[in-house]
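Okay, so here's the structure we're looking at.
Nothing here was measured: the structure is a model prediction, and the numbers come from that model. Counting starts at 1 for both ligands and their atoms, following the listed order.
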Amino acid sequence: MNAPRPRAALAAVPAYVAGRPPTPVEGLESYKLSSNENPFPPVPEVLEAVQAAAQTMNRYPDMGSTALYAALADHLGVRTEELAVATGSVALLYHLVQAFCDPGDEVVYAWRSFEAYPIATAVCGATAVQVPLTADGRHDLDAMAAQVGERTKVVLLCTPNNPTGPALRHGEVEAFLARVPSDVVVVLDEAYGEFVRGEDRLDALALLRQHGNVAVMRTFAKAYGLAGLRVGYLVGSDVVAGAVRACALPFGVSGVAQAAAAEALRHQAAMEGRVAALVAERDRVHAGLLEQGWSSPEPQGNFVWLPLGADTARFAGAAEAQGLVVRPYGEDGVRITIGEVPANDRFLRVAAEFEPKA
Ligand SMILES: *Cc1c(COP(=O)(O)O)cnc(C)c1O
């Protein structure tokens with residue numbers, strides 16, 4: 001008997017490895033430092049908006065997410081036609097690849113980078129072109145530009161790069177865009193954009209005004225602390241944003257998520273204060289690692305990276321024995337989310353006591 005057969009492309013889809021919840025260790029409070037979540041609870045006004053919106057969960061949400069589109073347009077100074085809202089920026093990514101790639105079309109991205117990239121590419125039947133990062137965990141934009149060819153429809157730039165941490169600077173992205181044909185969509189995935197510090201910070205919306213092929217992806221999951229509600233947005237030309245909206249699921253973003261996101265936009269100062277505290281912790285942890293003699297690329301998100309090679313799994317085990325769940329990546333390294341202060345202190349102690357063999 002013949003069983004139903006999924007499309008052949010699905011056989012090539014790598015499984016998404018989610019950050020695990022902590023395994024309890026006796027006498028120790030456990031911390032989850034494996035999913036780049038925000039350790040701060042939601043601001044009270046957002047919680048109130050969520051409670052109010054939950055009263056009407058017997059109804060479908062506003063299909064057009066009207067209030068959220070209006071709030072975003074106002075906040076960003078763009079027209080609603082230039083926006084697409086979906087159930088997280090991972091969903092936006094799927095919709096974008098689906099909207100622009102026929103089977104065999106190519107998606108160029110750096111590797112290692114966000115693990116949703118190979119999955120979204122494969123699910124949509126497109127072909128991944130992975131360009132290795134430089135030794136210090138940065139995008140190699142020259143090599144990426146050289147890989148853009150006839151079949152390239154989409155380039156994904158992850159800034160700051162998850163999981164290694166460095167951010168792209170405005171000038172280098174500008175120079176990159178000058179080398180990429182104007183019919184290739186260049187996605188700037190700014191999931192951690194609010195955490196970037198330093199000179200020549202990326203102004204993605206300014207680049208979008210100059211280049212109609214730029215698409216900016218942002219999320220409420222990280223800086224705004226709404227990971228559990230699943231909501232993100234894309235800013236692009238009318239054509240790009242419209243194509244992404246056309247692929248989105250009707251009623252995808254729940255009423256609760258719409259209300260929370262619109263309310264969160266009204267509390268920028270609260271968000272920025274929390275981000276500043278996490279950035280200070282990130283820089284303290286990174287300085288501590290360098291002092292201990294580790295090499296670790298410049299962190300610009302809410303996480304740090306240790307390139308542990310063959311020691312990767314052993315380090316994750318050592319952290320777990322101390323009640324910390326971190327995120328190991330094969331034999332590349334470990335990503336550690338910046339969390340509560342006691343969790344960060346404990347991570348620094350684990351790192352200090354670890355004896356590398358590789
Ligand atoms: C966390 C993350 C996202 C956000 O995903 P959501 O679906 O909005 O939760 C997007 N891109 C990168 C690189 C991320 O790390």
Side-chain angles (χ1 to χ4, degrees), residues 14 16-19 32-39 42 65 68 72 83-98 107 109-121 123 128 130 133 137-139 154-168 173 186-196 202 204 215-235 244 247-249 252-254 256-258 260-261 264-265 271 275 278 282 297 299-305 326-327 329 333-339:
Y16 189 95
V17 185
K32 185 179 173 207
L33 305 180
S34 52
S35 297
N36 289 352
E37 292 153 342
N38 192 322
S65 301
L68 179 54
L72 281 168
L83 290 167
V85 167
T87 56
S89 38
V90 170
L92 291 162
L93 176 69
Y94 277 63
H95 303 330
L96 184 125
V97 175
Q98 189 185 14
V107 179
Y109 56 88
W111 198 250
R112 213 175 250 284
S113 190
F114 188 31
E115 65 177 323
Y117 296 166
I119 303 172
T121 304
V123 165
Q130 301 185 339
L133 296 169
R138 293 177 186 276
H139 283 54
V154 177
V155 178
L156 305 171
L157 301 180
C158 188
T159 177
N161 189 52
N162 174 8
T164 56
L168 292 165
V173 178
V186 177
V187 175
L188 303 174
D189 183 348
E190 290 198 289
Y192 307 94
E194 297 87 348
F195 295 89
V196 178
L202 178 63
V216 184
M217 265 178 20
R218 295 187 182 151
T219 178
F220 287 94
K222 308 288 162 54
Y224 290 96
L226 301 180
L229 288 183
R230 315 307 304 124
V231 54
Y233 64 92
L234 174 143
V235 198
V244 170
C247 294
L249 301 181
V253 181
S254 72
V256 167
Q258 292 179 32
L265 286 175
M271 179 275 282
V275 166
L278 291 169
R282 170 192 81 197
Q300 290 286 356
N302 64 345
F303 52 91
V304 294
W305 172 253
V326 297
R327 178 73 170 81
Y329 290 83
V334 175
R335 186 193 69 196
I336 305 95
T337 304
I338 299 301

Q. Which one of I338, L278, N302 satisfies the side-chain contact (heavy atoms from CB on, under 4.5 Å) criterion with N38?
A. L278
Q. Can you name the one residue among L265, V275, T219, L229 that meets side-chain contact (heavy atoms from CB on, under 4.5 Å) with Y224?
A. L265
Proximal atoms of ligand 1 relative to [X] (non-hydrogen, under 4.0 Å):
X: C158; result: 13 (C)
X: N162; result: 13 (C), 14 (C), 15 (O)
X: R230; result: 6 (P), 7 (O), 9 (O)
X: A191; result: 2 (C), 3 (C), 10 (C), 11 (N), 12 (C), 14 (C)
X: A221; result: 9 (O)
X: D189; result: 10 (C), 11 (N), 12 (C), 13 (C)

Q. How are the rings of F220 and Y233 set to each other: parallel, tilted or perpendicular (split at 30° and 60°)?
A. tilted
Q) Out of G228, S89, A227, P163, who gets a non-hydrogen atom closest to atom 10 (C) of ligand 1? A) S89
Q) Considering all heavy atoms of both residues, which atom of A261 and which atom of L68 are nearest to each other, and what is their separation? A) CB-CD1, 3.7 Å
Q.
Run the side-chain contact (heavy atoms from CB on, under 4.5 Å) test on R335 and N36 for me, step by step, so that the C-alpha distance in whole Å, both residues' side-chain angles and the decisive distance to 0.1 Å come before the verdict.
A. CA-CA 9 Å; R335 186 193 69 196; N36 289 352; 3.4 Å; yes
Q. In terms of residue, atom name and distance, what is the protein heavy atom nearest to atom 14 (C) of ligand 1?
A. K222 NZ, 3.2 Å
Inter-residue atom distance [X].[atom1] - [Y].[atom2], 0.5 Å rounding:
X: R138; Y: T159; atom1: CZ; atom2: OG1; answer: 9.5 Å
X: N162; Y: E115; atom1: CG; atom2: CD; answer: 8.0 Å
X: Y109; Y: L156; atom1: OH; atom2: CG; answer: 8.0 Å

Q. Just heavy atoms, cut-off under 4.0 Å: does V90 contact ligand 1 by side chain, backbone, both, or neither?
A. both
(Q) Using a 4.0 Å heavy-atom cut-off, which part of Y192 comes near ligand 1: side chain, backbone, both, or neither? (A) side chain
Q.
Contact between ligand 1 and G88 is defined here as a heavy atom of the residue under 4.0 Å from a ligand atom; is it met?
A. yes
